[in-house]
Amino acid sequence: MDNRDNYNAIKEDYAFDASIFSEDEGKVARIKWIIDNRLSDIDRKILLRYVDCMSYRKMGKKMNISHMTIRKHIVRIREVILKEYYKEAE
């Protein structure tokens, strides 16, 4: 059995299934709303860089603020998102 046969044997198990996104669609929409409506412009900029896996030091350097300030922003952003997410879920 060569690699091609191995691939064909498991190919269907790894096929794209769009239905997995519909289950979480409401959750994702709620998080997007929170980000757009509850975070400041600076928080959204930090969040985008954080999601891109930029280090605190690189973010701080780009934004002319200390990496510890970036860290504090990230902690607060998480708190805001979680608080709003669970508040709306109730």
**OP:** Apply side-chain contact (heavy atoms from CB on, under 4.5 Å) to Tyr50 and Lys45, showing your working.
**Re:** CA-CA 9 Å; Tyr50 181 74; Lys45 288 177 186 177; over 6 Å; no

#### Entry: salt bridge (Lys or Arg N to Asp or Glu O under 4.0 Å) between Glu79 and Arg76, worked out
CA-CA 5 Å; Glu79 289 172 356; Arg76 192 180 46 70; over 6 Å; no

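A distance of 10.5 Å separates CE of Met63 from OG1 of Thr69, quoted to the nearest 0.5 Å. The distance from the OG atom of Ser66 to the CZ atom of Arg57 is 9.5 Å, given to the nearest 0.5 Å. Taken to the nearest 0.5 Å, the CD1 atom of Ile34 stands 8.0 Å off from the OH atom of Tyr85.
If you chain together hydrophobic residues whose side chains sit under 4.5 Å apart, Leu48 and Leu39 never meet in one group. A single hydrophobic cluster is not seen to contain both Met54 and Val75; linkage of ILVMFWY side chains at heavy-atom distances under 4.5 Å, directly or through other members, places them apart. Cluster membership check: Leu47 does not share its hydrophobic cluster with Val28, using side-chain heavy-atom separations under 4.5 Å among Ile, Leu, Val, Met, Phe, Trp and Tyr. The hydrophobic cluster containing Met68 does not contain Ile65, counting ILVMFWY residues as joined when their side-chain heavy atoms lie under 4.5 angstrom apart, directly or transitively.
Other residues, nucleotides and ligands contribute more than 12 heavy atoms inside 6.0 Å of the CZ atom of Arg44.
Here the rule is side chain to side chain contact (heavy atoms under 4.5 Å, CB included) with Ile77, and of Ile46, Ile42, Ile35 only Ile46 fits it.
Nearest approach of Arg38 to Trp33, heavy atoms of both residues: NH2-CH2, 3.5 Å.
With salt bridges taken as basic N to acidic carboxylate O contacts below 4.0 Å, none links Arg49 and Asp52.
Under the side-chain hydrogen bond (donor to acceptor under 3.5 Å, both in side chains) criterion, Ser55 pairs with no residue, sequence neighbours left out. By the side-chain hydrogen bond (donor to acceptor under 3.5 Å, both in side chains) test, Tyr56 is found to be paired with no residue, residues two or more places apart in sequence or in another chain being considered.
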